[in-house]
2 protein chains.
Amino acid sequence: MKPLFHPDTADIQLSSVLYALSDPVRLMMVYKLRQNGERACGDIELPIAKSTVSHHSRTLREAGVVRTRMHGTQRLLSLREEDLETRFPGLLNSILASYEETDEL
Amino acid sequence: MKPLFHPDTADIQLSSVLYALSDPVRLMMVYKLRQNGERACGDIELPIAKSTVSHHSRTLREAGVVRTRMHGTQRLLSLREEDLETRFPGLLNSILASYEETDEL
DNA sequence: TTTATTGTTCTATGATCATCGAACAATAGA
DNA sequence: TCTATTGTTCGATGATCATAGAACAATAAA
C-alpha cells in the first residue's frame with residue numbers, strides 16, 4: 001500500500017489552503033474535525049457518497065490541512081493545527097471563527 | 001449602463017470569499033489594493049489579458065471582496081475592508097498576513 | 001464629430017471540479 | 001478460509017473556471 005502524500009509544513013501553499021476551505025463540504029469536515037478531534041472518514045456525517053468523501057479527504061490532505069493515518073481498515077483524519085499555525089499564524093482560527101458566524105452549521 | 005451588483009454585507013458568503021481569494025491572481029489584486037488603496041483595473045499590474053482582469057474583478061466584486069465605482073471611462077476598485085471586518089472579523093487581515101509569509105509577492 | 005482610452009461582453013478552448021456508482025484493495029473478525 | 005468493513009480508485013457526467021482575442025459600449029479629449 002502506498003504511503004499517503006502530505007506536504008511538508010514549509011511547502012503548504014496559501015492558495016491551496018484557501019481553495020480547500022472554499023468548498024462547503026470540506027469546510028464542514030474541517031470544522032467537525034476541530035470540534036471532535038481525530039475521526040475516521042466514515043464517522044464524519046456528511047450528505048454525500050463515500051467516494052466523494054474520499055475525494056474531499058484527499059484534497060484536504062494534499063493541501064496540508066489534514067493528516068491521514070492508517071488504523072486497521074480505517075483512515076483517521078486529523079487537523080494539522082500546529083503545522084498550519086506555524087506556516088500561517090492565526091489563519092485557521094480566523095476562518096473557523098468566521099465559519100461560526102455563518103448559517104451553514 | 002447597468003449598475004454593478006454588490007452583495008450586502010450581511011449576504012457575503014465565507015465560501016465565496018475564500019474561493020475568490022484562492023486564486024493567485026486575485027489574491028495579488030487584493031494585496032495590491034490594500035497596499036495602494038483604490039485603483040483602476042488597468043493600473044494594477046498583472047501578467048494577464050485585460051478581459052481576464054475584468055473576469056477576476058467581477059469574481060471579487062460578486063463575492064463582496066471589492067467595490068467597483070465608475071469614474072469616467074475607468075472602473076475604480078477598492079477593498080471592502082470595513083464590510084469584511086464587520087462580517088468576518090479578522091479574516092482579511094489574517095489572510096493578507098499569511099500572503100506576506102509567501103514567496104508569491 | 002472624430003479619435004483615443006478604458007473596460008465589459010461574447011465566444012471559444014482546454015482544464016479542473018464535484019458528484020456518483022461500480023469495482024477493487026486491505027484489513028479485521030468469524 | 002470466508003465474510004464484513006472501510007475506504008480508494010476508476011470511469012463517466014455535467015458544471016464551472018481561467019484564459020485569450022475580437023467586438024462592443026461608454027466616456028473623454030482633440
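We name chains A, B, ... by the order of the sequence lines, and we start the count at 1 in each one. None of these values were measured; they are calculated from a predicted model.
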Rounding to an integer number of Å, can you tell me how far [X] [atom1] sits from [N] [atom2]?
X	N	atom1	atom2	result
B:Gln74	C:dT8	CD	P	11 Å
A:Asp43	D:dG7	CG	C1'	12 Å
A:Glu45	D:dT6	CD	P	14 Å
A:Leu76	C:dA26	CG	C1'	15 Å
B:Met70	D:dA28	CE	C1'	13 Å
A:Leu21	C:dA18	CG	P	12 Å
A:Ile44	D:dT6	CD1	C1'	13 Å
B:Asp23	D:dA18	CG	C1'	7 Å

What I want to check is whether an N or O donor and acceptor connect the side chain of B:Ser51 with the base of D:dG21 at under 3.5 Å. yes

Using OP1 and OP2 only, check whether a side-chain N or O of [X] sits under 4.0 Å from [N].
X	N	answer
B:His71	D:dT27	no
A:Tyr19	C:dA18	yes
A:Arg26	C:dA18	yes
A:Ser54	D:dT8	yes
B:Thr52	D:dA20	yes

With a 4.5 Å cut-off on side-chain heavy-atom distances among I, L, V, M, F, W and Y, is there a chain of contacts connecting [X] to [Y]?
X	Y	value
B:Leu77	B:Met28	yes
B:Leu21	B:Tyr19	no
B:Tyr31	B:Leu76	no

Assign B:His56 to base, sugar-phosphate, or nothing according to its heavy-atom contacts below 4.0 angstrom with the strands shown. sugar-phosphate

Considering heavy-atom distances to DNA chain C, does A:His55 or A:Thr73 have its closest nucleotide positioned more toward the 5' end? A:His55

B:Thr52: partners by side chain to side chain contact (heavy atoms under 4.5 Å, CB included), with sequence neighbours left out: B:Ile48, B:Ala49, B:His56

Evaluate the side-chain proximity of A:Cys41 to A:Lys50: yes if any heavy-atom separation is below 4.5 Å, no if none is. no

Take B:Val25 and A:Lys50, find for each the nucleotide of DNA chain D with the closest heavy atom, and name the residue whose nucleotide sits nearer the 5' end. A:Lys50

